[in-house]
Q: 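Take this structure, written in structure tokens, and hold onto it; I'll ask about it next.
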Amino acid sequence: MIDVPPADNTSMDGYAVCCADVAAAGAVLPVSQRIAAGAVGEALRPGTAARIFTGAPLPPGADAVVMQEQCTLQAGDGLGAVRFDAVPTQGQWVRRRGEDIRAGSIVLAAGTRLTPQALGLAASVGSGELVVMRRPRVALFSTGDELVMPGQVAPEQLRPGAIYNSNRFTLRGLLESLGCEVRDLGIVPDRLDATREALKNAAQGNDLILTSGGVSLGEEDHLRPALQAEGRLDLWQIAIKPGKPLAFGAVRRARGGEAVFLGLPGNPVSSFVTFTVVVRPVLLRLMGATLVAPQRLTSRADFDWPRPDPRREFLRVRCNPDGGLDLFPNQSSGVLTSVAWADGLVDNPPGHAIRRGDTVAYLPLSELLS
């Protein structure tokens, strides 16, 4: 590990001086050397200045830099002379050795997500390799005989009762945006045997199984008995809106071990919200991250919400030019346009009415989707 920066250096193009030699504006000093970034200068001779460029190490004997905009170059022997139009103070425009990173300090703690800036930080101390967690492997499938893939059937030929499988694309995109390796198993028929077989297949070689649909209590919802037969069920419902039907458990692998299971509701908004609130933290844990909770901001509600639900609600909102939040007019769990329109969610406590002008908890989608 090294100090960053490794030596005192200048943050400006200008002239390195000893402050005692520039006691008043108008002082003139001969230029004794020229120091570019990547070069190392000689000790500064008393009564002289060194022409210096951004990033270059400060020569011994200099204790400040005067930016070139406050200097006037004058003709003279050698490199000429320079007149100073401002009086420098000690340490002016000097970046001290180790002011960013001290040798021996922790640069990236275990559990830190490797953002572009984190990678740059590792590179700044010369780290050519890093020990990382591998990407989570996620098996994804949808359940429902009503589902049809877009592109396979034209809208005018869609059979009565059929719908296009939007969740497959939403969830896959969300998984990939978090860096997961996705194994897409398509659509599983509404049969117990088919659901059990899909779970067994999905558990092999994957860390997490993510499904949408089939987690309600209808006669055609087979995930609950299938999961109980092929693994374990730890949670079946959660008190949020949208997204009450949600299953959490695990599926046994044939050769030992288990894959985490998360079953999301079939309604597209419910599926989206439960992914951001429940699935994302699980995936971040699988990646080794220590900070998994999204950043919560406060903002002003420019809407009324007079009839709150007894459950915790996640309302689709968008920032407006006046610095407040607008509410999408239809908060139904089936209105996918609400999440395409929104740039965040209001996290509203159970039974809490909102009046225009109230301060609310705002979760930006930019935070929830990365």
Q: Test Val22 against Tyr15 for side-chain contact (heavy atoms from CB on, under 4.5 Å), laying out the working first.
A: CA-CA 11 Å; Val22 188; Tyr15 294 87; over 6 Å; no

Q: Side chain of Arg168, backbone of Asp184: donor and acceptor closer than 3.5 Å?
A: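 Looks like no, no N/O pair under 3.5 Å.
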
Q: Ignoring hydrogens and angles, tell me if any N or O in the side chain of Arg95 forms a donor-acceptor pair with the backbone of Thr10 under 3.5 Å.
A: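 Here the side-chain-to-backbone pair exists.
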
Q: Can you name the closest pair of heavy atoms from Pro242 and Arg316 and give their distance?
A: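 The pair with the smallest heavy-atom distance is CD-NH1, 3.7 Å.
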
Q: Taking atom CZ of Arg196 and atom NE2 of His222, what is their separation to the nearest 0.5 Å?
A: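 The NE2 atom of His222 is 12.5 Å from CZ of Arg196, to the nearest 0.5 Å.
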
Q: Is a donor on one side and an acceptor on the other found under 3.5 Å between the side chain of Arg356 and the backbone of Arg300?
A: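 Between the backbone of Arg300 and the side chain of Arg356 there is no qualifying donor-acceptor contact (under 3.5 Å).
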
Q: Report, as yes or no, whether the 6.0 Å neighbourhood of atom CZ on Arg159 holds more than 12 heavy atoms from other residues, nucleotides or ligands.
A: yes

Q: Kindly determine whether Phe169 and Met149 satisfy side-chain contact (heavy atoms from CB on, under 4.5 Å), including the steps that lead there.
A: CA-CA 10 Å; Phe169 297 90; Met149 288 301 297; 3.4 Å; yes

Q: How many angstroms lie between OH in Tyr164 and CD in Glu146, if you round to the nearest 0.5 Å?
A: 14.0 Å

Q: Between atom CG of Asp302 and atom CG of Asp358, what is the distance when rounded to the nearest 0.5 Å?
A: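 Asp302 atom CG to Asp358 atom CG measures 10.5 Å (nearest 0.5 Å).
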
Q: For Ile240, does its backbone N or O pair with a side-chain atom of Arg311 as donor and acceptor, under 3.5 Å?
A: yes

Q: Under 4.5 Å between side-chain heavy atoms, hopping through other hydrophobics if needed: is there a path connecting Met133 to Val138?
A: no

Q: Which heavy atom of Ser212 sits nearest a heavy atom of Leu171, and at what distance?
A: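 The pair with the smallest heavy-atom distance is CB-CD1, 3.9 Å.
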
Q: Specify the closest pair of heavy atoms between Leu262 and Val278, including all atoms of both residues, with the distance to one decimal.
A: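 Heavy atoms of Leu262 and Val278 come nearest at CD2-CG1, 4.0 Å.
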
Q: At what distance, to the nearest 0.5 angstrom, does OG1 of Thr276 lie from CG of Leu174?
A: 8.0 Å

Q: Locate the shortest heavy-atom distance separating Ala109 from Thr112; write the atom from each residue and the value.
A: O-OG1, 2.7 Å

Q: Return the CG to CG distance between Asn348 and Asp309, rounded to the nearest 0.5 Å.
A: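 Here the interatomic distance stands at 9.5 Å.
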
Q: Carefully, step by step, assess Arg134 and Asp207 under the rule salt bridge (Lys or Arg N to Asp or Glu O under 4.0 Å).
A: CA-CA 11 Å; Arg134 65 167 174 80; Asp207 304 298; 2.8 Å; yes

Q: Tell me if a side-chain donor or acceptor on Glu367 pairs with a main-chain N or O of Gln295 at a distance below 3.5 Å.
A: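 Side chain of Glu367 to backbone of Gln295: a pair is present.
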
Q: Are a donor atom and an acceptor atom from the side chains of Gln331 and Trp305 found within less than 3.5 Å of each other?
A: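 There is no such pair between these side chains.
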
Q: Under the criterion side-chain contact (heavy atoms from CB on, under 4.5 Å), which of Leu283, Leu264, Val260 is the partner of Leu210?
A: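 That would be Leu264; it is the only one of Leu283, Leu264, Val260 passing the side-chain contact (heavy atoms from CB on, under 4.5 Å) with Leu210.
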
Q: Below 4.5 Å, heavy atoms only, C-beta onward: do Gln74 and Val82 meet side chain to side chain?
A: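 Contact flag for Gln74/Val82 side chains = no.
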
Q: Do side-chain atoms of Ser271 reach the backbone of Pro268 as a donor and acceptor pair under 3.5 angstrom?
A: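 Checked: no pair found.
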
Q: Hey, what else clusters with Val40 if you join Ile, Leu, Val, Met, Phe, Trp, Tyr whenever side-chain heavy atoms sit under 4.5 Å?
A: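 Hydrophobic cluster check, Val40: no partners found.
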
Q: Do other residues, nucleotides or ligands put more than 12 heavy atoms under 6.0 Å from Arg96 CZ?
A: yes

Q: Within a reach of under 6.0 Å around CD of Glu42, are more than 12 heavy atoms found that belong to other residues, nucleotides or ligands?
A: no

Q: Looking at CG of Leu185 and CG of Leu140, how far apart are the two atoms once the value is rounded to the nearest 0.5 Å?
A: 7.5 Å

Q: Do the side chain of Asp304 and the main chain of Pro306 share a donor and acceptor less than 3.5 angstrom apart?
A: no

Q: For the side chain of Thr170 and the backbone of Asn167, is there at least one donor-acceptor N/O pair under 3.5 Å apart?
A: no

Q: Between Asn267 (side chain only) and Ser270 (backbone N and O only), is there a donor and an acceptor less than 3.5 Å apart?
A: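 Between the backbone of Ser270 and the side chain of Asn267 there is no qualifying donor-acceptor contact (under 3.5 Å).
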
Q: Looking only at heavy atoms, what is the nearest atom pair of Leu286 and Pro136, with distance?
A: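 Taking Leu286 first and Pro136 second, the nearest heavy atoms are CB-CG, 4.2 Å.
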
Q: Search all heavy atoms of Ala36 against all heavy atoms of Phe53 and return the closest pair with its distance.
A: CA-CD1, 4.0 Å

Q: Between Phe275 and Leu175, is any pair of side-chain heavy atoms under 4.5 Å apart?
A: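 Yes, close enough: below the 4.5 Å cut-off.
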
Q: Should Val65 and Leu44 be regarded as members of a common hydrophobic cluster, given that ILVMFWY residues are connected when their side-chain heavy atoms come within less than 4.5 Å of each other, either directly or indirectly?
A: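 Unlinked, Val65 and Leu44 end up in two clusters.
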
Q: Is there a side-chain contact (heavy atoms from CB on, under 4.5 Å) between Asn206 and Glu181? Walk through the geometry before answering.
A: CA-CA 9 Å; Asn206 293 298; Glu181 296 179 9; over 6 Å; no

Q: Verify side-chain contact (heavy atoms from CB on, under 4.5 Å) between Ile209 and Phe141, making sure each step is shown before the conclusion.
A: CA-CA 8 Å; Ile209 303 168; Phe141 66 84; 4.0 Å; yes

Q: Is any side-chain heavy atom of Gln92 closer than 4.5 Å to one of Val17?
A: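 No. Closest side-chain heavy atoms not under 4.5 Å.
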
Q: Using modelled atom types only, decide if a donor and an acceptor are shared between the side chain of Arg355 and the backbone of Ala301 within a distance under 3.5 Å.
A: no

Q: Contact between Pro350 and Arg312 at the side-chain level, heavy atoms closer than 4.5 Å - yes or no?
A: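 When only atoms from C-beta onward are counted, Arg312 and Pro350 do touch, with a gap below 4.5 Å.
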
Q: Tyr362 pairs by side-chain hydrogen bond (donor to acceptor under 3.5 Å, both in side chains) with which of Asp343, Thr298, Asp347?
A: Asp343

Q: Please collect all side chain to side chain donor-acceptor pair (under 3.5 Å) contacts where either partner lies in residues 45-65, sequence neighbours excluded, each pair once.
A: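 Side chain to side chain donor-acceptor pair (under 3.5 Å) check on residues 45-65 returns Asp13-Thr54, Ser32-Thr48, Arg51-Gln68, Asp63-Gln90.
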
Q: Heavy-atom distance under 4.5 Å between the side chains of Val277 and Ile238, does that happen here?
A: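 A side-chain contact under 4.5 Å is absent here.
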
Q: Say whether Leu291 and Leu284 are linked into one hydrophobic cluster, either directly or through other cluster members, by side-chain heavy-atom distances under 4.5 angstrom.
A: no

Q: Do Val360 and Leu297 share a hydrophobic cluster, counting only Ile, Leu, Val, Met, Phe, Trp and Tyr and linking them when any side-chain heavy atoms are less than 4.5 Å apart?
A: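 Same hydrophobic cluster.
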
Q: Answer with yes or no whether the hydrophobic clustering places Leu365 together with Val273; edges join I, L, V, M, F, W, Y residues whose side-chain heavy atoms lie under 4.5 Å apart.
A: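 Yes, same cluster.
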
